[in-house]
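Notes follow once the structure below has been shown.
The basis for the numbers below is simple: all heavy atoms, side chains too, and nothing from hydrogens, waters or symmetry mates. Predicted model, so just to flag it, every value in this text is computed and none were measured. Just so you know, ligand 1 is whichever comes first in the structure, and atom 1 is the first atom listed for that ligand.
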Amino acid sequence: MGTVYLVGAGPGDPELVTVKALRLIQRADLIVYDSLAPADLLKEAPPSCQCVHVGKRAGRHSAAQEEINHLLIAGAQKYETVVRLKGGDPFVFGRGGEEVLALQEAGVPYRLVPGVTSSVAVPEAAGIPVTHRRLARSFHVITGHIADDELDYAAYAQLEGTLVFLMGLSALPRIASGLLSGGMAGDTPAAVVSQGFTERQRVLRAPLSEIAERTKEKRMGAPAVVVVGPCADLDFLYHAPFGIIGSDSFYARMERAMDGEAGMLSHVMRIRLSVTEEGRKQLREAFSRIEEFDWVVFTSRNAVAMCERIAREDRYPLHRLDHLRFAAIGPGTAERLRAAAGHVDLLPESYTSDALGQALAEQVGKSGRVLVIRAEGGRQEMFSIMDEAGMEYEKIRLYRSEGELTVSPEELGRTGILAFASASGVDSMFALAEQEGYSLAGKRFVCIGEATADALRKRGIEPEFVTHPHTAEELARRLKLMQR
Ligand code: SAH
């Protein structure tokens, strides 16, 4: 007969699991897990381990408790190590007790492995302490999931400590009105923390009298923890002074470059670049008659990298590019181009669309056919200059750049210094701010590269500094100096 381990999987972050839990997972023969157990933890299980999901999933009901009990008992008869992995701590509303009773009855040996409970950890993920000197001297963890008449919310209104409701999202209107009618003040701070410790974590703070309505309005999703009491207003999170607007890989480079001071950064907006179908088609078409062109112009290092990738995927015969001369908008693009093609034949003195157009008009003029490879929505200035000079050129809009806010609007509001890695990042951030009504007033701006600086200047903003060279390392060095 094997042993069943009732293991707390912690509040959702796979790193917030105990050492003991991890060791058991690593040698489990069978893992029976809930929806709230972080999926990444299962990757730690040995390849031979069988993992059975018994939680609720969209559209499907959770396995009946009877079934789970049976699974555990049968598992112990077959295997050495059976891990019953439950979100948070197994004994906080996890029906751990019922499973223990079933195991006892069947004479199956079992052990208990506590976990970090969401009732404390999820508020903490939003910077809310469940107790704080003079504000709350106790906290009460209450289930919101119970038949109407069984719960006397009004009685909880008399408690002095912080109230923490689990499974309370759908019952929130009832909870709030119960507390109010029990005499709790309408302006008592309350908070809802949804999907704690995941990328989708969201926090809503509102007075008790408004919390239910705002939760619905903001479409806060389950699982969520509801906190009521003066502590719900606190935010003890560390707020990074520098917000980075750039791609995942740029942010990763920044974290490395800040070595040891990465805590100063937050990735406030992720910029994603993707080759469009149309762009790929246009590029292939142009490459199929590349002999018609004399010059290829790149306005970003990304465009160079994408062309390289497509040429590789297509097994494009690179010797067909031998006759070409290359132009780059700035040193970053030039560096990439030099690595890819071995030479750069034109680089404007200042790194703007204007200057590039000017340089092309002067050095190429009507003497050659030009192919310009760039992003959708890129700067247009160079083309009017090239038109004026009567140049012959074609342009390809190869890729699209999309920005996604990765912090809450509040967090964005608290970030004092915004560091932009690209002109498209500037465009995305300002477009989003306008669309959502976020204010960027009072912020300080810094950036990498003159093209990026130019995008800021077009909005009447002079960046505090522009890095030379245009690298993450240099940006990190300058940001550290700003802290002094
Ligand atoms: N045993 C668990 C609680 C199980 S009850 C523990 O100790 O944490 C399930 C409830 O826990 C959910 O309805 C929700 O209120 C809360 N919860 C668990 N994980 C959560 C998370 N990552 N984010 C928000 N709420 C969570």
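Counting the atoms of ligand 1 from 1 in the order shown, those under 4.0 Å from a heavy atom of Pro223 are 12 (C), 14 (C), 23 (N), 24 (C), 25 (N), 26 (C).
At distances below 3.5 Å, not a single donor-acceptor pair connects side-chain atoms of Lys86 with backbone N or O atoms of Asp34. Checking side-chain atoms of Glu99 against main-chain N and O of Asn69 turns up no donor-acceptor pair under 3.5 Å. Counting only distance, with no hydrogens or angles, the side chain of Arg205 and the backbone of Ile211 share no donor-acceptor pair below 3.5 Å.
For the residue pair Tyr153 / Ser181, no side-chain donor-acceptor distance below 3.5 Å is found, with atom types taken as modelled. A side-chain donor-acceptor contact under 3.5 Å links His239 and Glu411. For the 3.5 Å distance criterion, the side chains of Gln201 and Gln195 fail to qualify, holding no donor opposite an acceptor.
Contact annotation for Thr117 and ligand 1: heavy atoms of both the backbone and the side chain come within less than 4.0 Å of the ligand. Contacts of Pro11 with ligand 1, taken as heavy-atom pairs under 4.0 Å, involve the backbone alone. Contact annotation for Pro90 and ligand 1: no heavy atom of the residue comes within less than 4.0 Å of the ligand. Residue-level proximity to ligand 1 for Leu36 is carried by the side chain, the only part with a heavy atom below 4.0 angstrom. Contacts of Gln195 with ligand 1, taken as heavy-atom pairs under 4.0 Å, involve the backbone alone.
With hydrogens left out, the protein atom closest to atom 23 (N) of ligand 1 is Gly196 N, 2.9 Å, a heavy atom. For atom 18 (C) of ligand 1, the closest non-hydrogen atom on the protein side is Ser118 OG, 3.3 Å. Nearest protein heavy-atom contact of atom 2 (C) of ligand 1 is Gly87 O, 3.2 Å. Looking only at protein heavy atoms, the nearest one to atom 14 (C) of ligand 1 is Ala224 O, 3.4 Å. In terms of protein heavy atoms, atom 3 (C) of ligand 1 is closest to Val92 O, 3.3 Å.
Distances from ligand 1 to the non-hydrogen atoms of Phe93 include at least one value under 4.0 Å.
Evaluated by nearest non-hydrogen atom to atom 10 (C) of ligand 1, the leading choice among His145, Arg202, Met167, Lys86 is Met167.
Residue contacts with ligand 1: Ser119 is placed with no nitrogen or oxygen under 3.5 Å of a nitrogen or oxygen of the ligand (distance criterion only).
Salt-bridge check for Arg23 with Glu44: failed, with every basic side-chain N at 4.0 Å or more from each acidic carboxylate O. With respect to the salt-bridge test (charged N to carboxylate O, under 4.0 angstrom), the residues Arg457 and Glu462 qualify.
Cation-pi geometry between Arg84 and Tyr5 is not met at under 6.0 angstrom from the ring centre and within 45 degrees of the axis.
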